[in-house]
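The structure that follows is given in the form of structure tokens.
Letters A, B, ... mirror the listed sequences (proteins, then strands); counts begin at 1.
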Number of protein chains: 2
Amino acid sequence: MRPTVHDVAEAAGVSLATVDRVLNRRAGVRSTTVAKVEAAISRLGYVRDISAANLAKQRIYRLVFIIPDGSNSFMRRLENELEQVKLRSALNRTDITVLKVPAFDGAALARALESIDSKTISGVAVVATESPMVREALARLHRENVHVVTLVSDAPAFKRGDYVGVNNVAAGRTAATLMGRFVGRRPGKLALVAGSMLVRDHVERRMGFEQVITAEFPNLTCLPVVEGRDDAATAREAVAACLSREPEIVGLYNMGAGNRGLIDALSADRAYAELTVIAHELSDHSRRALRDGLFDAVINQDAGHEVRSAVRILQARIDGTAVIDGQESIRIEIYLRDNLP
Amino acid sequence: MRPTVHDVAEAAGVSLATVDRVLNRRAGVRSTTVAKVEAAISRLGYVRDISAANLAKQRIYRLVFIIPDGSNSFMRRLENELEQVKLRSALNRTDITVLKVPAFDGAALARALESIDSKTISGVAVVATESPMVREALARLHRENVHVVTLVSDAPAFKRGDYVGVNNVAAGRTAATLMGRFVGRRPGKLALVAGSMLVRDHVERRMGFEQVITAEFPNLTCLPVVEGRDDAATAREAVAACLSREPEIVGLYNMGAGNRGLIDALSADRAYAELTVIAHELSDHSRRALRDGLFDAVINQDAGHEVRSAVRILQARIDGTAVIDGQESIRIEIYLRDNLP
DNA sequence: TAAATTCTGAGGTACGTAAATCGAAAATTG
DNA sequence: CAATTTTCGATTTACGTACCTCAGAATTTA
């Protein structure tokens, strides 16, 4: 049977109240007495029963998720997964509020962060944009003991919280290796498609991609990035124009959203079936494209995993328990038509 | 605020004891009264507070994991992950017992299953071998309300539990697509290495692999399987012999354990660096081989994820709560040197 | 209608912890 | 040494649920 506070009190030769004061770091206990209690705790191997504690405490994990508004499909997937988690959140004494802020707007993000009341909120997960105001707002939260995880886009200047997401440079490198290996030795050009080069993710993916292509596949050259602006029609036009302009293209890397437009453009001409196409984000569209042979590989990060990880990490930080690294590390997933989940 | 049993009792116009009887399916409640209570429950959206219930119930999730003994490295990884989970299991009121049984021994497995006391054990996770005795033992557990998940190797005849693991045919197909695409159009032979063809996983992976190679890469032919017997020295000898015997080999697929021997054999001759090598299981050895360019890709299933999933699923079945499919589905992971976690 | 049986209510204790009060004891200060 | 402050003990209530008892009400059976 697990030892309880009563056992600890008895073993330490103090009263239950004192054990409680030590456990909850309340004042009014001599340091020698603290030591006695802690000795008893470790001697007995006492661990606090968190569910009982939370029951007594009437604890509710009040978390806030801040994600960008707009049409970015990954953000919409995150939002959708958050809804799923919210449906089950009552079971875990967890209350999640989702705040949507305009994308690429540091000031708006900072305002959202400033609006968080550290009296009632104990954890924040945020898709961070870099800016001094944001940094200061995050620092304020940290000072006021609100735990923070940065989601998807790491804010490198803020090192006091956890990061949930992938390394996008590595994701770009992964795409490049697949591209280079799939294309083979023949020379040719590669078309790069991005939603917008304002998105940090896309910048990083491109960097990783070009690094590897340049260093390891000298037969291939990257064309300037085509911007699809997160819109199917625009993406379709842009890709179609690029493909007809450049007959030597052997491969295409879509580093962001806009798979639908890309698929439309590729479906237009049967000759394009020869192209090696690598895209990001597993969705209904990209799954079908994989099955149909239009896409050769899809790089993905699991939005559901990210949301659940963020919640688990925040809960662990609030409870003061350990996080399981293996469980919370987000993978750069590679999908071919054969290993679709 | 969440509604409690008190609220339900009041709303239904009955006493707390009656609500309790309905909730816990105790006898002695008229069906009309049951209906009244259930109406109130759904009207208020009452959900039982599981941690409070478990506290009151003094519930401990007593789980048994049965895994094969022997040198299979994936099983040893499972065992290791189980140890990690056990370290944290007190926090979750979970008590895990690990039983090791001889590999490939249906009778021994059946005996282990029969030894499980359904009075004290509420969930079993088992790496199942197919056999009538095993099937009967699993059916007994099901009859006695012990929840079962089959781990890694699905026992197809037993459909009353959950499955945690990957589709190994699909894993083999994935390896084949990578192989075919990486090798390119040049003709050649492929060496296949297995631990032992007694292992169901390896049989399935081979089937998937050969399916895809035959159907889609006519330039490639698969050589007969080389058996490494899960032993580094044996594997090294067998692979080296095969490689020197067949000069036309362009690729090598190791569908099971024995990466260490394989790496040794490949390191012996610099000419082998040209080979496309795809292996299973991400370990220190295979990571290094990936980094060094000796391996081109590694297919992996996350042992930690599988163990944690099995535990979560069993807990959910015991509590009668829902399982989150996206969280519990095990992925066929592809690792290149660029996306190593 | 009486007797037997089935339902239901009221109330209690328990699980392990949190948090509070209040008085007593101990330590520190002047 | 007295006055003050700090430390500690004993006890209580509460969280939401489980499970028990016992008496009384409602229903069914004889």
TODO: Rounded off to whole Å, could you give me the CZ-to-C1' distance for the A/Arg21 and D/dT6 pair?
DONE: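 Computing the A/Arg21:CZ to D/dT6:C1' distance gives 11 Å.
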
TODO: Answer yes when B/Arg111 and B/Glu114 have at least one side-chain N-carboxylate O distance shorter than 4.0 Å, and no when they do not.
DONE: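 Salt bridge absent between B/Arg111 and B/Glu114.
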
Open item on the list: Side chains of B/Arg331 and B/Ser329: any donor to acceptor distance under 3.5 Å?
Closed with: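 There is such a pair (donor and acceptor under 3.5 Å, judged by atom type) between the side chains of B/Ser329 and B/Arg331.
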
Open item on the list: If you compare every side-chain N and O of B/Ser15 against the phosphate oxygens of C/dT8 (OP1, OP2), does one of them come in below 4.0 Å?
Closed with: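 Checking C/dT8 against B/Ser15, no side-chain N or O comes under 4.0 Å of OP1 or OP2.
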
Task: Nucleotide nearest A/Arg30 (side chain, heavy atoms from C-beta), chosen from D/dA10, C/dA26, D/dA26 - done: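 Looking only at heavy atoms from C-beta outward on A/Arg30, the closest nucleotide is C/dA26.
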
Open item on the list: On DNA chain C, compare the nucleotides closest to B/Ser31 and A/Ala17; which residue's is nearer the 5' end?
Closed with: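 Going by which nucleotide is closer to the 5' end, it is B/Ser31.
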
Task: Flag, side chain of B/Arg2 to backbone of B/Val47, donor-acceptor distance under 3.5 Å - done: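 Here the side-chain-to-backbone pair exists.
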
Sort me out a list of protein N/O and nucleotides 15-17 of chain D N/O pairs below 3.5 Å, or just none if empty.
residue: D/dC15; atom: O3'; partner: A/Gln58; partner atom: OE1; Å: 3.0
residue: D/dC15; atom: O2; partner: A/Ala56; partner atom: N; Å: 3.1
residue: D/dG16; atom: N2; partner: B/Ala52; partner atom: O; Å: 3.3
residue: D/dT17; atom: OP1; partner: B/Tyr46; partner atom: OH; Å: 2.7
residue: D/dT17; atom: OP1; partner: B/Asp49; partner atom: N; Å: 3.1
residue: D/dT17; atom: OP2; partner: B/Val5; partner atom: N; Å: 2.9

Open item on the list: Any salt bridge linking A/Lys86 with A/Glu79? Criterion: basic side-chain nitrogen under 4.0 Å from a carboxylate oxygen.
Closed with: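 No, this pair does not count.
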
- [ ] To the nearest Å, give me how far apart CZ (A/Arg26) and P (C/dT17) are.
- [x]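 Rounded to the whole Å, the gap is 13 Å.
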
TODO: Assess the side chains of A/Asn24 and A/Arg48: does a donor N or O sit below 3.5 Å from an acceptor N or O?
DONE: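 Note: A/Asn24 and A/Arg48 side chains meet the donor-acceptor criterion.
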
Open item on the list: Between B/Thr129 (side chain only) and B/Gly106 (backbone N and O only), is there a donor and an acceptor less than 3.5 Å apart?
Closed with: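 No; judged by distance alone, with no hydrogens or angles, the pair does not exist.
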
